[in-house]
Amino acid sequence: MLALAGRLKSEFAFDLFLDVTAVDWPGAPLRFEVVHHFYSTVHKVRVRVKQRVREAEPVVDSLVSLYGSAGYMERECHDMYGIRFRGNDDLRPILLYEGFQGHPLRKDYPKQLEQPLVPYRPPQRALEREL
Amino acid sequence: MTAGIPTPTIPNPVRPAFTPSGRDDTVIVNIGPSHPATHGTVQIIAELDGERVLRTDVHCGYLHRGFEKECEDHTWHNLIPYVDRLNYCSALINDFAYCDGVEQLMGIEITPRTKYLRTLLSEYSRICDHLTCVAASLMELGAMTAFLYLVTVRDAMYEHLAALTGARVTYSYGRIGGLAQDVPDGWFTRLEAILVEYETYVARVHAMVDRNRIFIDRLRNVGGISTADALHWGFTGPILRSTGVPRDLRRDTPYLAYAELDFDVPVGILGDNYDRYYVRMCEMDESVHMIRQLMAMMPEGPINVVDHRCVFPEKTLVYSEIESLINHFKLVMDGPSVPEGDIYVAHEAPNGELGFYIVSSGGGVPHKVHVRSPSFVHMGGVHRMLDGHQLADIVTTFGSVNMIGGECDR
């Protein structure tokens with residue numbers, strides 16, 4: 001992937017790294033589809049690169065060495081799908097928080113599951129008396 | 001602490017952003033996430049040498065509402081109110097970009113009137129968004145009069161859009177295959193009056209600000225970025241154009257009716273805060289120019305396509321014939337049937353490239369909706385504009401980037 005992106009950038013002038021995300025296909029032998037989007041401001045065309053990875057080893061090449069913008073977007077993709085990016089050593093949570101369990105955009109993460117950072121407070125006494 | 005209530009153990013929410021710098025004369029300060037100058041909720045951790053910012057780490061996510069997860073649980077139509085709440089300063093552009101994506105997946109071509117109306121409303125929204133951004137960033141520098149002038153115009157526009165859509169900010173006006181309703185009588189007449197009002201007030205702001213010593217001192221050569229750097233960090237929209245390249249999706253890969261319009265793409269010179277202010281002001285003038293052309297060429301005709309897969313039947317038919325009743329029922333319960341496939345659609349939003357990556361597995365509910373939001377990408381590179389400047393410049397630079405929490409954190 002890194003070699004391909006390097007060629008896209010140097011030979012075909014894809015100078016803008018637009019987006020990286022993943023698509024979850026539960027049950028498929030290669031469960032996650034990591035989707036990259038590039039744009040060339042010279043030729044004004046887009047290209048979409050997809051690669052499939054296994055659930056047990058969701059690792060793809062990081063593009064931070066080629067595009068600075070990849071850093072933040074790879075952090076988001078790691079947050080949401082647990083995809084690891086080889087070569088990006090700053091995969092701190094960005095939209096979620098430190099200590100969040102699981103990856104919410106995976107299809108097997110229940111939508112209603114709550115992980116509050118601060119536990120819910122029991123009802124206050126004054127309210128209880130009124131009730 | 002009241003007895004009986006267990007003390008919660010809260011893990012430290014943020015790991016250290018920096019490796020130790022090896023200097024013992026610097027101080028690390030935390031700005032935000034809840035601060036009036038952060039335009040929403042964003043946290044900037046800055047290492048300072050006196051008043052000078054050495055390096056920053058920008059952290060977002062405090063407004064994350066699980067937009068993409070929620071999208072996978074609602075029918076294609078029901079997402080429209082959600083996409084409204086991405087960039088809430090120009091909600092219509094989100095609507096139209098999303099509907100465009102779904103329409104392309106379904107192979108629908110919208111009617112001419114809808115095409116021109118969507119273009120007109122996109123430009124109208126762009127003016128609202130730029131007015132908000134410029135007004136807020138001028139106010140942060142103390143220009144209360146300029147702020148009030150600009151939001152006076154913006155409020156007239158909000159009221160005017162409320163007359164069309166029924167809401168001031170979150171319109172939910174786009175529909176797959178058309179629009180919610182046609183424009184009411186007299187709407188275009190009022191639009192022309194508002195554009196004249198816009199010109200009056202914006203001329204006053206130009207007169208007060210453009211050559212004002214205070215603003216030049218605060219904005220010129222502050223937060224500058226080069227074209228190469230801007231592309232490397234994924235900047236699009238006014239920030240990229242302020243560095244001097246006329247890169248605009250409306251011109252480069254025309255969509256809607258932009259190919260038929262006459263407009264310029266304003267660019268800056270240095271890519272600093274002053275250029276970003278000026279590019280936004282010029283873009284609003286171009287939008288006004290486009291709106292006037294669109295009003296002149298607005299065709300008559302229907303606004304919704306005839307397609308039973310996505311467009312709701314007339315209410316009178318729903319009550320009088322069984323086929324339309326079933327059609328209505330299926331659209332509400334199952335959602336529009338979108339064929340299998342994936343698509344990436346990008347529109348030029350006020351902040352830059354707003355992309356929707358939509359995956360359908362062939363049902364009434366999307367398999368995945370991913371938003372490439374300009375604000376989020378800009379937050380990944382904004383430290384390049386903050387580092388090396390003064391602590392007080394963080395406020396002005398951040399204002400000129402126009403980070404919108406709704407689309408940044410989704």
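Protein chains get the first letters and strands the later ones, always in sequence-line order, with residue 1 at the start of each. When reading the values below, keep in mind they use all heavy atoms of this one structure, side chains included, and skip hydrogens, waters and symmetry mates. Quick caveat, the model's predicted, so the values are computed rather than measured.
B/Glu72 and A/Lys107 are joined by a salt bridge, as a carboxylate oxygen and a charged side-chain nitrogen come within less than 4.0 angstrom of each other. Note on A/Glu33 versus B/Lys368: no salt bridge recorded, every NZ/NE/NH1/NH2 to OD/OE distance being 4.0 Å or above.
Listed by sequence position, A/Met80, A/Tyr81 are the residues of residues 77-85 of chain A in contact with chain B, using a 4.5 angstrom heavy-atom cutoff. Listed by sequence position, B/Tyr357, B/Val359, B/Ser361 are the residues of residues 357-366 of chain B in contact with chain A, using a 4.5 angstrom heavy-atom cutoff. Residues of residues 49-60 of chain A lying under 4.5 angstrom from chain B, judged on non-hydrogen atoms, are A/Lys50 in numerical order. Contact residues of residues 373-380 of chain B toward chain A are B/Phe376, B/Val377, B/Met379, B/Gly380 (heavy-atom distance under 4.5 Å).
Other residues, nucleotides and ligands place no more than 12 heavy atoms under 6.0 Å from the CD atom of A/Gln101. Other residues, nucleotides and ligands contribute over 12 non-hydrogen atoms within 6.0 Å of the CZ atom of B/Arg65. Heavy atoms of other residues, nucleotides or ligands lying less than 6.0 angstrom from CZ of B/Arg250 number more than 12.
A heavy-atom distance below 4.5 Å is found between the side chains of A/Leu18 and B/Tyr344. When side chains are defined from C-beta on, B/Arg247 counts as touching A/Tyr39, because their heavy atoms get closer than 4.5 Å.
Between B/Ile343 and A/Arg48, the closest heavy-atom pair is C-NH1, 4.0 Å. Residues A/Thr41 and B/Leu231 share a closest heavy-atom pair of CG2-CD2, 4.0 Å. Closest of all the heavy-atom pairs between A/Leu66 and B/His232 is O-CE1, 3.2 Å. The two residues A/Tyr72 and B/Cys60 come nearest to each other via the heavy atoms CE2-SG, 3.9 Å. The minimum heavy-atom distance between A/Leu96 and B/His64, with the atom names listed, is CD2-CD2, 4.0 Å.
Chosen from B/Asp73, B/Thr253, B/Leu63, B/Asp229, the residue pairing most often with chain A at heavy-atom distances under 4.5 Å is B/Asp73. Chosen from A/Asp90, A/Val20, A/Leu105, the residue pairing most often with chain B at heavy-atom distances under 4.5 Å is A/Leu105. Among the candidates A/Trp25, A/Tyr109, A/Tyr67, the residue making the largest number of heavy-atom pairs closer than 4.5 Å to chain B is A/Trp25.
In this structure, the portions of B/Val58 lying under 4.5 Å from any heavy atom of chain A include both its backbone and its side chain. Both the backbone and the side chain of B/Asp252 come within less than 4.5 Å of a heavy atom of chain A. Looking at B/Glu353, only its side chain comes within 4.5 Å of chain A, counting heavy atoms on both sides. A/Val45 does not touch chain B: none of its heavy atoms, backbone or side chain, sits under 4.5 Å away. B/Arg410 touches chain A through its side chain: at least one heavy atom from C-beta onward sits under 4.5 Å away, while N, CA, C and O do not.
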Between B/Asp57 and A/Arg92, does the side chain to side chain contact (heavy atoms under 4.5 Å, CB included) criterion hold? Intermediate values first, please. CA-CA 12 Å; B/Asp57 182 69; A/Arg92 287 176 294 147; 3.0 Å; yes

With side chain to side chain contact (heavy atoms under 4.5 Å, CB included) as the criterion, how do A/Leu16 and B/Thr236 come out once you've worked through the C-alpha distance, each side chain's angles and the decisive distance to 0.1 Å? CA-CA 9 Å; A/Leu16 196 61; B/Thr236 46; 3.7 Å; yes

When you look at B/Arg372 and A/His37, which way does the side chain to side chain contact (heavy atoms under 4.5 Å, CB included) test go after all the steps? CA-CA 10 Å; B/Arg372 188 261 182 216; A/His37 284 94; over 6 Å; no

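Side-chain N or O atoms of B/Lys69 include none that pairs as donor or acceptor with a backbone N or O of A/Pro110 at under 3.5 Å.
How far CD of A/Glu76 is from CD of B/Glu68: 6.0 Å, rounded to the nearest 0.5 Å.
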